[in-house]
Amino acid sequence: DQHPLIADVCRKHIYDAPMDHFSSTSSGKTIPVRYWVADCTNSNTDPIFVHMGQEAPQGCGGCTSGQLAIYVEHRFFGESYPVGDLSNENLPFLSTEQNLADTKAIIELVNTEKKRKVVTTGGSYSGGTASW
């Protein structure tokens, strides 16, 4: 369970990501990608800090005053996995490129007016994705 103060500012969402962001002949399959938004902002121009998904289940870590934080769960980890199974047919879509496309789409959903600067953060693998 989350600390009560964190639970007050965190909201869980699900982005129905295309299984394949890069195919125009996609089968229409989607994958639910969980993300959390923690809003401690004072204005609609405060920065967004995106905590990149890692190779584990994700959750919300809260935020500090004057920021909006997004915590993205990496596809195929936690509860962000394809409906049905983790078959060989689905495994090609477990890639850094697909993860980055998921994260980009989530940022665009949250930063609709594009007024906020975005900072990506992470450690180890997620640190690599934050820099790419």
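All residue numbers refer to positions in the sequence shown, counting from 1. Values below: all heavy atoms of this structure, side chains included; hydrogens, waters and symmetry mates excluded.
- Side-chain atoms of Thr41 and Arg116, non-hydrogen and from C-beta on, do get closer than 4.5 Å to each other.
- Here Thr103 contributes atom OG1 and Ile70 contributes atom CD1; the two are 9.5 Å apart, rounded to the nearest 0.5 Å.
- With Ser126 contributing its side chain and Gly123 its backbone, the two residues share a donor-acceptor pair below 3.5 Å.
- With sequence neighbours left out, the salt bridge (charged side-chain N to carboxylate O under 4.0 Å, His left out) criterion links Glu108 to Lys104.
- The backbone N or O of Asp39 sits nowhere less than 3.5 Å from a side-chain atom of Arg11 that would complete a donor-acceptor pair.
- Judged as a side chain to side chain contact (heavy atoms under 4.5 Å, CB included), and not counting sequence neighbours, the contacts of Thr45 are Ser43, Lys115.
- Criterion: ILVMFWY side-chain heavy atoms under 4.5 Å apart, direct or through other members. Under it, Ile14 and Val110 are not part of a common hydrophobic cluster.
- With sequence neighbours left out, His51 forms a ring pair (Phe, Tyr, Trp, His ring centres under 6.0 Å) with Tyr71.
- With a 4.5 Å cut-off on side-chain heavy atoms, Val72 and Tyr15 do not count as touching.
- By the side chain to side chain contact (heavy atoms under 4.5 Å, CB included) test, Leu100 is found to be paired with Met52, Thr96, Thr129, Trp132, residues two or more places apart in sequence or in another chain being considered.
- With rounding to the nearest 0.5 angstrom, the SG atom of Cys40 is 8.5 Å from the CG atom of Leu68.
- Judged by distance alone, with hydrogens and angles left aside, the side-chain atoms of Asp46 form a donor-acceptor pair with the main-chain N or O of Asn42 at under 3.5 Å.
- Inter-residue side-chain proximity for Cys63 and Val9 is flagged as met; some heavy-atom pair is nearer than 4.5 Å.
- Contact record, Pro92 with Asn88: CD-O, 3.2 Å, taken as the closest heavy-atom pair.
- Taking NZ from Lys117 and CG from Asn111, the interatomic distance works out to 12.5 Å, rounded to the nearest 0.5 Å.
- For Lys12, there are no salt bridge (charged side-chain N to carboxylate O under 4.0 Å, His left out) partners two or more places apart in sequence or in a different chain.
- Residues Pro82 and Phe76 form a side-chain contact, since some pair of their non-hydrogen atoms from C-beta on lies under 4.5 Å apart.
- The backbone N or O of Asp102 lies less than 3.5 Å from no partner atom in the side chain of Arg75, so there is not a single donor-acceptor pair.
- Smallest separation of non-hydrogen atoms from Cys10 and Ala38: SG-CB, 4.0 Å.
- The shortest side-chain heavy-atom distance between Pro18 and Thr30 does not fall under the 4.5 Å cut-off.
- By the side-chain hydrogen bond (donor to acceptor under 3.5 Å, both in side chains) test, Asn44 pairs with no residue at all, sequence neighbours left out.
- Considering only residues two or more places apart in sequence or on other chains, Lys114 meets the salt bridge (charged side-chain N to carboxylate O under 4.0 Å, His left out) condition with none of them.
- Not counting sequence neighbours, the partners of Glu73 by the side-chain hydrogen bond (donor to acceptor under 3.5 Å, both in side chains) test are Arg34, Ser80.
- Under the 3.5 Å distance criterion, the side-chain polar atoms of Ser131 are matched with a main-chain donor or acceptor of Gly128.
- If you chain together ILVMFWY residues whose side-chain heavy atoms come under 4.5 Å of each other, Phe49 ends up grouped with Val119.
- The CG atom of Leu94 sits 9.0 Å away from the CG atom of Asn99 when rounded to the nearest 0.5 Å.
- For Gln67, the side-chain hydrogen bond (donor to acceptor under 3.5 Å, both in side chains) partners two or more places apart in sequence, or in a different chain, are Thr64.
- Applying the ring pair (Phe, Tyr, Trp, His ring centres under 6.0 Å) test to Phe22 and every residue at least two apart in sequence or in another chain returns nothing.
- Scored by the ring pair (Phe, Tyr, Trp, His ring centres under 6.0 Å) test, Phe77 finds His74 as partners (sequence neighbours excluded).
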